[in-house]
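What follows is a set of notes on a single structure, which appears directly below.
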Amino acid sequence: MKKLLKASLIILFISTVSSFVLSPIHSKENIADVESKMRLFSDIFVLVTENYVEEVDLDALMKGAYHGMLAELDAYSTFLEPEASELLKSDAEGEFGGLGIRITSEDKLITVVTPLPDTPAFRMGILPGDKIVKIEDESAVGLSLNEAVQKLRGPKGTEVTIGISREGEDDLIEFTITRDIIVPQKVFSDMLEGKIGYLRMVEFSDDAPSALEKELTNLKEEGAEGIILDLRNNPGGLLNSAVSTANFFLPKGSLIVYTEGRRLDQNRKYYGRKETWDPEIPLVILVNRGSASSSEIVAEALKDHKKGIILGETTF
């Protein structure tokens, strides 16, 4: 069985190296270096499985290696196991049982970017910038985003107790929050005095652009002569959602955002395809430190093309 294990590792190694051989960005020297490091990894793996004091779960060992490898990159690169992948998908496309907060990781601390309106966390007084340092009497320091999400979410009606460190407060603040089904409303609108249309985008999910288009149409029909686009505490979301949102305000052919990678096939440019809002009507974009990712893409694209003025704080 041990010989079979070693053979399977060698097959994995050969498969991995072959992908590098096909890549034009890797020289023969680089491939040799990769080969050396993969052999070392293979040796360590076999040593652990054969010599550790207890029998090792091979799947758990490999998952730990995946997580550790990506954790060395940055806070946004992570290995998603099937359960975590489903959580991410439900967050972007559907409803889920939870507290109603958007979180990120800052210096190994789970930080609240924003509580979603009319959710349990919002009603309990959770604030942007709060640091979640405990979940159910266990330290949350050092948890990955996926680990924190899995601990915070749960069936409707169940409770979770979290410990919050808040700027300006010396003591830890504890909240016991009852989970609910979270169906975030993507876009809010209102007509303010002076025929100023107010639009607030909570997040950039799959269906946010269609909700925005509906609200824009309503404001047009009500005679809006200016627009405030509120992206405060909007933590972002899907790239295609950001592109579609900026597309409502930019002329056809305007460059919205581009991506650059190490390979040519990773370089992409996203352009405006249509213009649905009157270009003569002034636009103001509100941002703050909770505006991140897609919010920053949209705000900067509109600023670059002189389609709007940005007001607020430095973004995330």
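Tracing side-chain contacts under 4.5 Å through hydrophobic residues (I, L, V, M, F, W, Y), one never reaches Val149 starting from Val113; they form parts of separate clusters. Hydrophobic cluster membership differs between Phe175 and Leu127, with clusters built from Ile, Leu, Val, Met, Phe, Trp and Tyr side chains linked at under 4.5 angstrom. No continuous path of ILVMFWY side-chain contacts below 4.5 Å connects Leu238 to Tyr258, so the two sit in separate hydrophobic clusters. In the hydrophobic cluster analysis, where Ile, Leu, Val, Met, Phe, Trp and Tyr join through side-chain heavy atoms closer than 4.5 angstrom, Ile44 is grouped together with Met62. When hydrophobic clusters are built by joining Ile, Leu, Val, Met, Phe, Trp and Tyr residues whose side-chain heavy atoms come closer than 4.5 Å, directly or via intermediates, Leu143 is grouped together with Ile164.
Minimum heavy-atom separation, Glu136 to Glu159: OE2-O, 3.5 Å. Of all heavy-atom pairs between Leu99 and Arg179, the closest is CD2-CG, 3.9 Å. Taking each heavy atom of Leu229 and Val298 in turn, the nearest pair found is CD2-CG1, 4.4 Å. In terms of heavy atoms, Gly98 sits closest to Ile182 at O-CD1, 3.7 Å. The heavy-atom pair separating Gly253 from Tyr271 by the smallest distance is O-CD2, 3.3 Å. Looking at every heavy atom in both residues, Ile281 comes nearest to Ala224 through CD1-O, 3.7 Å.
Under a 3.5 Å cut-off, the side chain of Gln266 and the backbone N or O of Arg262 do form a donor-acceptor pair. Side-chain atoms of Ser291 come within 3.5 Å of backbone N or O of Leu231 as a donor-acceptor pair. His305 contributes a side-chain N or O that, together with a main-chain N or O of Leu255, makes up a donor-acceptor pair within less than 3.5 Å. Judged by distance alone, with hydrogens and angles left aside, the side-chain atoms of Ser36 form no donor-acceptor pair with the main-chain N or O of Ala32 at under 3.5 Å. Between the side chain of Glu313 and the backbone N or O of Arg289 there is at least one donor-acceptor pair closer than 3.5 Å. With hydrogens and angles disregarded, a donor-acceptor distance shorter than 3.5 Å links the side chain of Ser241 to the backbone of Ser205. Proximity of a side-chain donor or acceptor of Asn288 to a complementary backbone N or O of Asn233 within less than 3.5 Å is detected. For Ser244 (side chain) and Asn240 (main-chain N/O), a donor-acceptor pair under 3.5 Å exists by modelled atom type.
Atoms CG and OG, on Asn218 and Ser189 in that order, are 6.0 Å from each other to the nearest 0.5 Å. Between atom OG1 of residue Thr49 and atom CG of residue Leu58 there is a gap of 6.5 Å, rounded to the nearest 0.5 Å. Once rounded to the nearest 0.5 Å, the distance linking CD of Glu260 with NZ of Lys269 reads 8.5 Å. The structure places CD of Gln150 at 7.5 Å from OG of Ser144, a figure rounded to the nearest 0.5 Å. Considering CZ of Phe249 and CG of Leu216, their distance stands at 4.5 Å, rounded to 0.5 Å. Between the CD atom in Glu300 and the CD1 atom in Ile285 there is a gap of 10.0 Å [rounded to 0.5 Å].
A search for side chain to side chain donor-acceptor pair (under 3.5 Å) contacts involving Ser295 returns Asn234, not counting sequence neighbours.
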Taking it one step at a time, do Val284 and Ile196 satisfy side chain to side chain contact (heavy atoms under 4.5 Å, CB included)? CA-CA 10 Å; Val284 172; Ile196 302 299; over 6 Å; no
In sequence, state the C-alpha distance, the side-chain angles, and the governing distance for Asp130 and Ile173, and then conclude on side chain to side chain contact (heavy atoms under 4.5 Å, CB included). CA-CA 10 Å; Asp130 283 348; Ile173 308 172; over 6 Å; no
Evaluate the salt bridge (Lys or Arg N to Asp or Glu O under 4.0 Å) criterion for residues Lys63 and Asp59: first the C-alpha distance (whole Å), next the side-chain angles of each, then the deciding distance (0.1 Å), finally the verdict. CA-CA 6 Å; Lys63 286 179 181 178; Asp59 285 340; over 6 Å; no
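Arg123 has its side chain within reach of Asp118: a pair of non-hydrogen atoms, C-beta onward, lies under 4.5 Å apart. Residues Ile101 and Ile132 have side chains in contact (heavy-atom distance under 4.5 Å, counting atoms from C-beta outward). The shortest side-chain heavy-atom distance between Leu145 and Ser105 falls under the 4.5 Å cut-off. With a 4.5 Å cut-off on side-chain heavy atoms, Thr119 and Asp180 do not count as touching. Leu192 is listed as a side-chain neighbour of Ile228, based on a closest heavy-atom distance under 4.5 Å. Residues Arg200 and Tyr198 form a side-chain contact, since some pair of their non-hydrogen atoms from C-beta on lies under 4.5 Å apart. Phe248 is listed as a side-chain neighbour of Pro209, based on a closest heavy-atom distance under 4.5 Å. Counting only heavy atoms from C-beta outward, the side chains of Ile297 and Val243 never approach each other to under 4.5 Å.
Of the N and O atoms on the side chains of Thr111 and Thr104, not one donor lies less than 3.5 Å from an acceptor on the other residue. Judged by distance alone, the side chains of Arg268 and Thr259 never bring a donor and an acceptor atom under 3.5 Å apart.
Within 6.0 Å of CD1 on Ile309 lie no more than 12 heavy atoms contributed by other residues, nucleotides or ligands.
Between Arg39 and Asp43, no side-chain nitrogen of the basic residue sits less than 4.0 Å from a carboxylate oxygen of the acidic one, so the salt-bridge criterion is not met.
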